[in-house]
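Worksheet: the structure to be examined is printed underneath.
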Amino acid sequence: MQHLLDGLNEQQREAVMHINGPLMIVAGAGSGKTKVLTTRIAYLLSKGVDAFNILALTFTNKAAAEMKERIEKMLGNNEARNLYIGTFHSVFARILRAEVHRIGYPSSFTIYDSDDSRSVLKTVINELNLDDKLYKPNVVHSRISQAKNALMSPAEYAMDHHIQQEDMRSNRPAIAQIYQGYVARCFKNGAMDFDDLLVKMHELLKNFPEVLHKFQHKFKYIMIDEYQDTNAVQYEITKLLAAAHENICVVGDDAQSIYSFRGATIENILQFQKDYDDVRVVKLEQNYRCTQSILKVANEVIKKNIGQIPKELWTENESGEKIKLVRTMTDNDEGRFVADIIQEQKLRNHYYNRDFAILYRTNAQSRSFEESLRRMGIAYKIYGGLSFYQRKEVKDFIAYLRVVANTRDEEALKRIINYPVRGIGKTTIDRAIVTANENNVTLWEVLERAQEAGFKAGTLESIKGFVYMIKSFQTMLQTHNAYDVAVLIGKNTTLVKELFNDKTVEGLARYENVQELLNSIKEWTESPSNAEGEVGEKTLGVYLQQITLLTDADNDKEDSDVVKLMTIHAAKGLEFPVVFVGGVEETIFPSGMSINTREELEEERRLFYVAVTRAKHRLWLTFANARYRFGNLVQNEPSRFLEEMPEEFVDRSYAGGGARNQGGMGAGVERMQRSFGSTTAQAEKMYGPPPSKKKDAAPARPSYMPAQPPASKVVEHKPSANFEPSDTSNLQVGQVVEHQKFGFGEVTKMEGSAHNPIATVVFKTNGEKKIMLNYAKLRIVQ
DNA sequence: TTTCATAGCGTTTTT
DNA sequence: CGCTATGAAA
């Protein structure tokens with residue numbers, strides 16, 4: 001047993017060994033938090049606690065997988081596979097699978113990602129005949145999400161005076177109505193959004209005493225990582241679960257709370273001591289990650305925040321280099337500078353690509369870094385942005401799987417019903433949806449009984465074919481695994497073939513993405529357990545639920561030697577030898593959206609703290625005088641956070657003398673001012689004027705002259721006197737035809753299906769055109 | 001019914 | 001700037 005505790009400091013050991021009763025670990029950045037958590041679980045197991053009785057909630061699936069691996073190594077057996085470790089969302093998804101039938105959901109419920117949610121909202125907003133200019137899905141969704149995270153039902157939302165006033169003031173009084181419609185629609189679709197995974201879990205525990213009792217009894221020991229980033233639902237759930245044994249251990253750092261925008265409240269960790277009697281508090285204050293300089297800077301900046309748990313982080317590490325502040329002219333220069341330094345540092349200090357991380361406040365900032373790295377031939381990977389599973393072609397394929405697993409899923413159904421094209425167009429779908437709503441059945445049920453709805457013969461055939469196909473996939477699922485069915489789907493829908501035939505660069509990438517998806521299904525099907533160590537359940541539904549909850553980081557292959565680019569939020573919990581933080585400018589960092597209240601600004605500062613403390617050895621902070629935003633050059637002041645850093649640990653020699661060109665700077669100010677400049681005027685001198693906002697800034701022309709017609713001007717053709725459309729059903733390559741507008745031309749290619757033939761015609765006067773024979777009138781000349 | 005062009009809009013941050 | 005949501009032509 002002793003060896004488990006070896007190498008732990010006094011506080012860490014205390015945290016590990018306190019196993020009964022509530023425990024709060026205040027873990028500063030880089031203080032060995034993960035080590036403590038894993039050791040603590042191993043310690044519990046070694047004391048005879050059954051792995052089945054331990055629940056550990058982490059922030060990412062990757063963290064969960066890592067912890068499990070480390071515990072297995074420590075113990076030398078595979079007991080760890082029986083632990084319940086995962087994110088709130090994935091652990092609850094797993095529990096819901098078994099229990100959610102009680103509230104009318106299928107166990108293979110679909111999990112909607114933000115895109116799906118937005119799409120449902122759009123439908124609801126349209127059906128309520130509301131102005132979609134006013135009710136933007138994004139705005140509405142965040143409103144609903146906030147309500148859910150505060151455990152507020154649609155009815156309660158409608159009754160709440162404060163909320164109603166807010167919605168009135170923003171001229172959106174119908175959000176309550178939309179909320180209600182949205183919830184109803186999700187339920188009808190057998191689908192849950194991210195928030196529902198928490199809300200429905202809470203509902204089950206609250207309304208079904210037998211469920212609550214079962215899980216209270218099961219989870220005798222509960223651990224929650226990143227507790228400072230939990231929200232109200234998560235708080236309520238854990239409180240319910242822990243109520244029986246009160247063996248609850250939360251780990252967090254109030255200084256790193258950066259998720260208030262999704263309902264996280266720092267109060268949860270500040271109030272923990274009041275929630276339970278006899279809370280043991282352990283502070284981990286020794287940092288093992290950063291150099292003195294980095295840590296001093298971080299400490300000093302975060303001190304500007306008021307109302308924290310008092311603590312002073314210290315380290316025995318060497319002092320290291322000063323933090324380097326860098327000013328560049330534009331965002332493109334910033335990118336070039338960082339790429340240059342990476343190149344230089346690789347040579348000078350023998351770093352590998354994988355030792356570098358470039359962090360930024362917003363995803364949009366990745367572009368300039370990406371470009372310069374590519375130009376320099378430095379391998380990199382961008383985390384976040386749109387994930388693999390959000391790409392069009394992947395989502396399309398997955399939509400088939402989703403429908404097969406859950407035909408109630410209307411979003412997925414709408415996506416694939418006419419993809420690839422099978423003659424079920426918008427009119428047909430709209431009509432089917434109306435029928436479904438009128439009869440209060442699902443869209444799928446309408447399709448199943450299409451003959452009763454009175455579609456015309458051709459359409460009915462198409463629908464029948466589609467329904468038959470989906471049903472055959474479902475049948476196959478009973479005897480085959482998810483991978484086999486997926487391959488069959490790819491074949492039968494000609495979806496893979498279609499992508500394969502697209503030989504453009506993007507088409508090739510799309511094809512490869514679908515292949516990769518198939519591989520991932522195969523891998524998943526064949527591996528004995530899933531991300532949470534769940535053995536056995538290898539159904540299609542489970543697969544789909546899991547991938548929706550996956551992030552880029554979860555799929556990360558640690559072995560690849562690439563520079564990592566990500567937002568600071570995504571970098572939480574990670575560390576890198578060398579870190580660059582880009583765009584340290586007012587309106588970006590702190591974000592222009594978050595400078596209106598002290599609370600907002602303090603969260604930005606905590607974010608800055610997180611960014612700085614990701615670095616182990618070297619840290620560069622960069623900012624640009626001006627950067628391109630929506631196509632035009634705008635200038636920003638250096639971030640106010642730069643002024644808050646203690647001078648002695650900061651090297652400003654690349655920074656134009658001082659962050660804000662004011663007070664306290666050395667003699668360098670003027671020199672740097674001259675050589676770097678700081679105004680847009682100078683930026684324009686070097687890079688030309690910003691593109692004009694006006695569309696028509698081009699050559700002046702007298703107002704009486706009409707603007708140039710669009711480039712694709714048609715040379716007028718007067719149809720022959722005897723023009724009469726011919727029967728083109730047998731049109732052949734090589735025939736000469738006349739078109740009413742385009743004139744005479746020769747057919748060079750025939751393509752398209754029998755139902756929708758397309759002829760390519762090269763016209764004498766107008767060049768090559770693609771003509772759809774069903775609609776265009778052609779006279780065959782010879 | 002499908003495709004292609006363009007107008008308009010967006011950037012916090014994520015499960 | 002780059003994407004996507006709509007509408008006119010095919």
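Naming convention: chains lettered A, B, ... in sequence-line order (proteins, then strands); numbering from 1 in each chain. None of these values were measured; they are calculated from a predicted model.
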**Message:** Test your reading of the model: is there a side-chain donor-acceptor pair from A:Ser591 to the backbone of A:Ile588, 3.5 Å cut-off?
**Reply:** no
**Request:** Indicate yes or no: does A:Arg606 engage A:Glu603 in a salt bridge with an N to O separation below 4.0 Å.
**Result:** yes
**Request:** Could you check whether A:Asn138 gets within reach of a base, just the sugar-phosphate, or nothing at all, counting any heavy atom under 4.0 Å?
**Result:** sugar-phosphate
**Request:** State, to 0.1 Å, how close A:Ser368 and A:Asn332 come at their nearest heavy-atom pair, and which atoms those are.
**Result:** CB-OD1, 4.0 Å
**Message:** Just the rounded figure in Å: distance from C1' of B:dT1 to NZ of A:Lys426.
**Reply:** 12 Å
**Request:** Report the residue (A:Ser591 or A:Thr427) whose heavy-atom-nearest nucleotide on DNA chain B is the more 5′ of the two.
**Result:** A:Thr427
**Prompt:** Touch check for A:Lys136, heavy atoms < 4.0 angstrom, all strands: base, sugar-phosphate only, or nothing?
**Reply:** sugar-phosphate
**Request:** Measure the distance from NZ on A:Lys392 to C1' on C:dG2 and round it to the nearest whole Å.
**Result:** 12 Å
**Asked** Under 4.0 angstrom, heavy atoms only, what part of the nucleic acid is A:Thr60 near: base, sugar-phosphate, or nothing?
**Response** nothing
**Which nucleotide in B:dT12, C:dT6, B:dT14 has an atom nearest any side-chain atom of A:His569** = B:dT14
**Distance in angstrom units between A:Lys122 NZ and C:dT4 P, rounded** = 10 Å
**Asked** On the ring face of A:Tyr259, is A:Arg262 found with NZ or CZ under 6.0 Å from the centre and within 45° of the axis?
**Response** yes
**Prompt:** Within this structure, what is the OH-to-P distance between A:Tyr360 and B:dT11, rounded to whole angstrom?
**Reply:** 16 Å
**For atom CZ of A:Phe194 and atom C1' of B:dT15, their distance in whole Å** = 5 Å
**Message:** Show, in sequence, the C-alpha distance, side-chain angles and deciding distance for A:His569 and A:Phe261, and conclude whether the ring pair (Phe, Tyr, Trp, His ring centres under 6.0 Å) test is met.
**Reply:** CA-CA 12 Å; A:His569 282 89; A:Phe261 68 91; 5.6 Å; yes
**Prompt:** Mind checking whether A:Lys395 and A:Asp116 have side chains closer than 4.5 Å, heavy atoms only?
**Reply:** yes
**Message:** Between B:dT11 and C:dT6, how far apart are the two P atoms, rounded to whole Å?
**Reply:** 16 Å
**Asked** Would you say a side-chain N or O of A:Asn149 is under 4.0 Å from OP1 or OP2 of B:dT15?
**Response** no
**Prompt:** Rounded to the nearest Å, what distance is computed from the CE atom of residue A:Met593 to the P atom of nucleotide B:dT12?
**Reply:** 4 Å
**Prompt:** Between A:Ser114 and B:dT14, does any side-chain N or O lie under 4.0 Å from OP1 or OP2?
**Reply:** no
**Request:** Write down the distance separating the C1' atoms in C:dA5 and B:dT12, rounded off to the nearest Å.
**Result:** 23 Å
**Message:** Can you see if the side chain of A:Thr428 gets near the phosphate of B:dT1 - specifically, an N or O under 4.0 Å from OP1 or OP2?
**Reply:** yes
**Complete:** Considering only heavy side-chain atoms of A:Phe630, the closest of B:dT2, B:dT11, B:dT13 is B:dT11
**Asked** Rounded to whole angstrom units, what separation is found between the CD atom of A:Gln365 and the C1' atom of B:dT13?
**Response** 11 Å
**Request:** May I ask you to say what A:Phe88 touches in the nucleic acid, namely base, sugar-phosphate or nothing, with a heavy-atom cut-off under 4.0 Å?
**Result:** nothing
**Item:** A:Asp430 CG to B:dT1 C1', straight-line distance once rounded to whole Å
**Value:** 13 Å
**Message:** Categorize A:Asp113 for me: base, sugar-phosphate, or nothing, with a 4.0 angstrom heavy-atom threshold over every strand shown.
**Reply:** nothing
**Message:** Exactly one of A:Leu197, A:Ile224, A:Ile237 should register a side-chain contact (heavy atoms from CB on, under 4.5 Å) with A:Phe88. Which one does?
**Reply:** A:Ile224
**Message:** Could you tell me if the side chain of A:Glu236 sits less than 4.5 Å from the side chain of A:Leu151, heavy atoms only?
**Reply:** yes
**Request:** Strictly below 4.0 Å, heavy-atom distances to any atom of DNA chain B: list the hits from residues 228-236 of chain A, or just say none.
**Result:** none
**Prompt:** For A:Thr548 and A:Gly423, take the nucleotide of DNA chain B holding the closest heavy atom to each; which residue's nucleotide lies nearer the 5' end?
**Reply:** A:Gly423
**Item:** Stacked pair A:Phe261-B:dT13, distance under 5.5 Å, angle under 30°
**Value:** yes
